[in-house]
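Being a predicted model, the structure only gives us computed values, none of them experimental. No hydrogens, no waters, no symmetry mates; every other heavy atom, side chains included, goes into these values. Here, residue 1 is the first one in the sequence, and each next residue gets the next number.
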Amino acid sequence: MPIPQRIVPVRHGDARGWFTESYSRRRLAELGITDDFVQDNHSFSAARGTLRGLHFQTPPHGQAKLVRCLAGAIWDVAVDLRAGSPTYGKWVGCELTAAGGEQLYVPIGFAHGFVTLTDNVEVAYKTSDYYAPDCDGGVAWDDPDIALAWPLEGMEPMLSDKDKKLPRLADFASPFAYDGIPMAELD
């Protein structure tokens, strides 16, 4: 299983604008990402400070995600939930912008979340399995054991009712196994 990775597809530009391959199975395979993505999801968040997460799906319908920002900017995070991992409960994060075209790969076994850094944000992500309500899970965005450094600058985030009720990591029995590949910092 690969680890979270920040990916920056090459943009080819001229006076008209730019062109990029936002998804290339071959390019991802060169990075060790061989997931078969089966579903595309698209979200819109009207206000800066909208926080979505920390979400995941458990086996047998775990989801790897390939996330990108189509409008505005987000701060995107992945939290290691693999039981036995030396980085269990640790996180990595990076800014994804429509202007820069960056992407974040989030493998199975990691929770995912983001906060909007601008108004009118659109986020799209591919998933490696279909949505399965019986496997839907999450952990609290503000869990002190994870200690995410959300760039909220003193703002209270806008949360869904579901996200307000997610359990702490200490109350979560992880079904994800550590595969021997430690999580590393993002480039």
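Expressed to the nearest 0.5 Å, how far CG of Asp129 lies from CD of Gln57 amounts to 6.5 Å. Taken to the nearest 0.5 Å, the CZ atom of Phe56 stands 7.5 Å off from the OG atom of Ser174. Annotation: the span from Asp35 atom CG to Thr127 atom OG1 amounts to 10.0 Å, rounded to 0.5 Å. From Tyr105, atom OH reaches atom CZ of Phe110 across 9.0 Å, with rounding to the nearest 0.5 Å.
In this structure, Arg27 places its CZ atom where only 12 or fewer heavy-atom neighbours from other residues, nucleotides or ligands lie under 6.0 Å away. Residue Glu185 places its CD atom among 12 or fewer non-hydrogen atoms of other residues, nucleotides or ligands, all under 6.0 Å distant. Environment of CD in Glu21: sparse, with no more than 12 heavy atoms of neighbouring residues, nucleotides or ligands closer than 6.0 Å.
Judged as a side-chain contact (heavy atoms from CB on, under 4.5 Å), and not counting sequence neighbours, the contacts of Glu95 are Ala73, Thr97, Leu117. Annotation: salt bridge (Lys or Arg N to Asp or Glu O under 4.0 Å) contacts of Arg16 (sequence neighbours excluded): Asp14. Among residues two or more places apart in sequence or in another chain, the ring pair (Phe, Tyr, Trp, His ring centres under 6.0 Å) test is passed with Tyr178 by none.
Of all non-hydrogen atoms in Leu66 and Leu28, the two that sit nearest each other are CD2-CD1, 3.8 Å. Minimum interatomic distance between Val92 and Pro4 (heavy atoms only, all atoms of both residues): CG2-CB, 3.9 Å. What you find for Pro60 and Cys135 is that their closest heavy atoms are CD-SG, 4.0 Å. Between Cys69 and Gly72, the closest heavy-atom pair is SG-O, 3.4 Å. The minimum heavy-atom distance between Gly53 and Asp163, with the atom names listed, is N-OD2, 3.1 Å.
In this structure the side chain of Phe176 never reaches within 4.5 angstrom of the side chain of Tyr88, judged on heavy atoms. Between His42 and Leu70, the closest side-chain pair of non-hydrogen atoms falls below 4.5 Å. A heavy-atom distance below 4.5 Å is found between the side chains of Leu31 and Ile7. By the 4.5 Å heavy-atom criterion applied to side chains, Lys90 and Met183 are counted as neighbours. Residues Cys94 and Glu102 have side chains not in contact (no heavy-atom distance under 4.5 Å, counting atoms from C-beta outward). Looking only at side-chain heavy atoms (C-beta outward), Ile108 and Ser128 come within less than 4.5 Å of each other. Using a 4.5 Å heavy-atom cutoff, the side chains of Trp150 and Leu51 are in contact. Contact check for Gln103 versus Ser22: side-chain heavy atoms found under the 4.5 Å cut-off.
Under a 4.5 Å side-chain heavy-atom cut-off, the cluster of Ile, Leu, Val, Met, Phe, Trp and Tyr residues that includes Tyr130 is completed by Val38. Cluster partners of Met158: none. The rule joins Ile, Leu, Val, Met, Phe, Trp and Tyr whenever side-chain heavy atoms lie under 4.5 Å apart, and it links nothing here.
Placement of Leu152 and Leu166 in two distinct hydrophobic clusters is found when ILVMFWY residues are connected by side-chain heavy-atom separations under 4.5 Å, directly or transitively. At a threshold of 4.5 Å between side-chain heavy atoms, the hydrophobic network of Ile, Leu, Val, Met, Phe, Trp and Tyr places Leu104 and Phe114 in one connected group.
When only modelled atom types and interatomic distance are considered, Asp136 and His61 share no side-chain donor-acceptor pair under 3.5 Å. Judged by distance alone, the side chains of Asn41 and Tyr131 never bring a donor and an acceptor atom under 3.5 Å apart. A donor atom on one side chain and an acceptor atom on the other are found under 3.5 Å apart for Ser45 and Arg52.
Using a 4.0 Å cut-off between charged nitrogen and carboxylate oxygen, Asp119 and Arg48 do not count as a salt-bridge pair. Ionic pairing of Asp36 and Arg25 is present here: one or more N-O contacts between side-chain nitrogen and carboxylate oxygen are shorter than 4.0 angstrom.
Under the 3.5 Å distance criterion, the side-chain polar atoms of Thr34 are left unmatched by any main-chain donor or acceptor of Ala29. Judged purely by atom type and a 3.5 angstrom limit, Thr50 uses its side chain to pair as donor or acceptor with the backbone of Ala47.
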The test is side-chain contact (heavy atoms from CB on, under 4.5 Å); show your working for Ile74 and Val123 and say whether it passes.
CA-CA 8 Å; Ile74 63 172; Val123 173; 3.8 Å; yes
Begin with the C-alpha distance, continue with both residues' side-chain angles, and end with the deciding distance and a verdict on side-chain contact (heavy atoms from CB on, under 4.5 Å) for Val121 and Phe44.
CA-CA 6 Å; Val121 171; Phe44 170 75; over 6 Å; no
Between Val79 and Leu169, does the side-chain contact (heavy atoms from CB on, under 4.5 Å) criterion hold? Intermediate values first, please.
CA-CA 10 Å; Val79 179; Leu169 186 62; 5.6 Å; no
Please assess Val77 against Leu148 for the test side-chain contact (heavy atoms from CB on, under 4.5 Å), listing each intermediate value before the final yes or no.
CA-CA 9 Å; Val77 298; Leu148 269 155; 3.7 Å; yes
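Every pair passing side chain to side chain donor-acceptor pair (under 3.5 Å) that includes a residue from residues 62-81 is listed here, sequence neighbours excluded: Asp76-His112, Asp80-Arg82, Asp80-Ser85, Asp80-Thr87.
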